[in-house]
There are 2 protein chains.
Amino acid sequence: MSSDAQSGRAAEGRGGERLPPDMRSTSQRRAILQALDEAPGPLTPHQVLERAGAIQGSLGLATVYRNLATLEEAGEIVAVHLPNETRRYEPTGRGHHHHFRCDNCEGVFELATTCPVAVLEGVTLPGGFEVRGHALTLYGLCPRCRGA
Amino acid sequence: MSSDAQSGRAAEGRGGERLPPDMRSTSQRRAILQALDEAPGPLTPHQVLERAGAIQGSLGLATVYRNLATLEEAGEIVAVHLPNETRRYEPTGRGHHHHFRCDNCEGVFELATTCPVAVLEGVTLPGGFEVRGHALTLYGLCPRCRGA
DNA sequence: ACCTTATTGAGAACGGAGTCTCATTCTCAA
DNA sequence: TTGAGAATGAGACTCCGTTCTCAATAAGGT
């Protein structure tokens, strides 16, 4: 779940990432990407600040926001929106999946389970609602909180 | 979808609503409840201000917020959270359902469709995630925007 | 009708997410 | 090695949803 192979981001030019031409490879940028790659689920900007900050010494919140925006534009990461939560980000290329939020620790995890809502894609529901996409979040207890 | 029978709110004491003992029935409160009852889906505080304000002459934003909080505590309405949207409210007693958000007009509607995620309730997913609830939002085009 | 007290309106104030500024630092192509 | 310009850090600032304040108003029990 944290291998470079998964997202296709491997040794290439400069720092080792696949980034647009005029986008430089800085230690901060690398740390942010690494933090997102190693996380069990999408991270909020503040979580990115914490985790990437632990990897790379100094890191400002503005830098995190700037990079998240830049990397999203570059298609390296995608924004994830959960109900009643601030925006989160995760690396692209992980295919269609949904998230699980623990009621206890409030952590958000990526699920491997097959999508139970796929059948509705492209369907027009009674009432005339044409479905083009969906957002599903499961709630409950994560493995750790269940055990404790 | 706008009948009083549906939510069980009918002529009873005072102004006509079923409200806790020390909660007074004011014209503002009644307008707010009516606005929520007649809406095709959950409303944001500002939408409540607009709609209830159209019913009842003067209405302040603070009054709307106060009443939404009070009515929620009283169990008359429930908060609805959609991804990347501000909190909305709808009357209680409409059973399990999900919402549809139009990509074009951005309106949010209540769906009558049976829940495709029900099968996951109570299940423990591979990985050890114990499902206790879920949030599903469908996106696409509403009847009106589809026609236009 | 009267009195107690919940409720209201208008606007000031708050809080947290996200953005902007700008002097300084760093990347990397030449 | 060097220079152009992308990137950074710290904090001020903006935005906007929500709450607070307080004097005036109005439910509703008696």
Side-chain angles (χ1 to χ4, degrees), chain A residues 11-33 35 42-50 52-74 76-77 79-89 106, chain B residues 12-33 35 42-50 52-74 76-77 79-89 106 108:
Chain A
E12 243 172 78
R14 289 166 300 167
E17 303 85 10
R18 175 197 56 206
L19 296 173
D22 61 340
M23 194 181 297
R24 295 183 179 173
S25 173
T26 65
S27 60
Q28 290 86 343
R29 191 113 76 199
R30 263 176 270 129
I32 289 172
L33 242 11
L43 303 179
T44 64
H46 279 83
Q47 290 177 323
V48 170
L49 178 65
E50 282 175 35
I55 297 171
Q56 213 283 319
S58 83
L59 185 57
L61 184 56
T63 299
V64 171
Y65 274 105
R66 267 187 306 239
N67 274 294
L68 291 176
T70 305
L71 291 167
E72 185 184 19
E73 264 187 281
E76 285 293 301
I77 63 178
V80 173
H81 296 282
L82 299 189
N84 204 25
E85 294 261 324
T86 68
R87 185 172 23 170
R88 290 166 179 269
Y89 290 90
E106 306 189 342
Chain B
E12 245 171 76
R14 288 169 300 169
E17 303 83 12
R18 176 195 56 206
L19 297 173
D22 61 341
M23 194 181 297
R24 296 181 179 174
S25 174
T26 65
S27 60
Q28 290 86 343
R29 193 111 78 198
R30 264 175 268 130
I32 289 172
L33 243 11
L43 303 178
T44 64
H46 278 83
Q47 290 176 323
V48 169
L49 179 64
E50 282 175 34
I55 297 171
Q56 214 282 320
S58 84
L59 185 58
L61 184 55
T63 299
V64 170
Y65 274 102
R66 268 186 305 239
N67 274 293
L68 291 176
T70 305
L71 291 167
E72 185 183 18
E73 264 187 279
E76 285 293 301
I77 63 177
V80 172
H81 297 282
L82 299 190
N84 204 25
E85 293 261 324
T86 67
R87 184 171 25 168
R88 289 166 180 269
Y89 290 90
E106 306 189 342
V108 174

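Model, not experiment: these values are computed from the prediction.
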**OP:** Figure out the CG/P separation between Leu49(B) and dA10(C), and round it to whole Å.
**Re:** 10 Å
Subject >> Glu73(B) atom CD, neighbour heavy-atom count above 12 within 6.0 Å >> reply: no
Original post:
Does a side chain donor of either Thr63(B) or Arg66(B) reach within less than 3.5 Å of an acceptor in the other side chain?
Top reply: yes
**OP:** Take His46(B) and Thr86(B), measure what side-chain contact (heavy atoms from CB on, under 4.5 Å) needs, and give me the verdict at the end.
**Re:** CA-CA 10 Å; His46(B) 278 83; Thr86(B) 67; over 6 Å; no
Subject >> Arg87(B) CZ - dC16(D) C1' separation (whole Å) >> reply: 13 Å
Original post:
Given atom CD1 of Ile32(B) and atom C1' of dT8(C), what is their separation to the nearest angstrom?
Top reply: 11 Å
Subject >> Rounded distance in Å - CG (Asp22(B)) to P (dA26(D)) >> reply: 21 Å
Original post:
Say you draw a straight line from CD1 of Ile55(A) to CZ of Arg30(A); how long is it, rounded to the nearest 0.5 Å?
Top reply: 11.5 Å
Original post:
Taking the side chain as C-beta and beyond, is there a heavy-atom pair between Leu33(B) and Asn67(B) under 4.5 Å?
Top reply: no
**OP:** To the nearest 0.5 angstrom, please state how far the CD atom of Glu76(B) sits from the CE atom of Met23(B).
**Re:** 8.0 Å
Original post:
Taking atom C1' of dC28(C) as reference, at what distance in whole Å does atom CE of Met23(A) sit?
Top reply: 15 Å
Subject >> Contact nearer the 5' end of DNA chain D, comparing Ser27(B) with Pro45(B) >> reply: Pro45(B)
**OP:** Report yes if a side-chain nitrogen or oxygen of Gln28(A) is closer than 4.0 Å to either non-bridging phosphate oxygen (OP1 or OP2) of dC26(C); otherwise report no.
**Re:** no
Original post:
In whole angstrom, what separates Leu71(B)'s CG from dT7(C)'s P?
Top reply: 10 Å
Original post:
Taking only side-chain nitrogens and oxygens of Thr26(A), does any of them come within less than 4.0 Å of OP1 or OP2 of dT8(D)?
Top reply: yes
**OP:** Measure from the side-chain heavy atoms of Arg24(A) and tell me the nearest of dT8(C), dA4(D), dA27(D).
**Re:** dA4(D)
Original post:
What distance separates Leu49(A) CG from Leu61(A) CG, expressed to the nearest 0.5 Å?
Top reply: 5.5 Å
Original post:
Paired with dA30(C) by Watson-Crick or G-U wobble geometry, both distances under 3.5 Å: which nucleotide is it?
Top reply: dT1(D)
Subject >> Length of the CD-C1' vector between Gln47(A) and dG18(C), whole Å >> reply: 16 Å
**OP:** Check the distance between dC15(D)'s C1' and His46(B)'s NE2 and give it to me in whole angstrom.
**Re:** 13 Å
**OP:** Identify, residue by residue, the members of residues 55-68 of chain B with a heavy atom below 4.0 Å from DNA chain C, and return them in order of residue number, or none.
**Re:** Ser58(B), Leu59(B), Gly60(B), Ala62(B), Thr63(B), Arg66(B), Asn67(B)
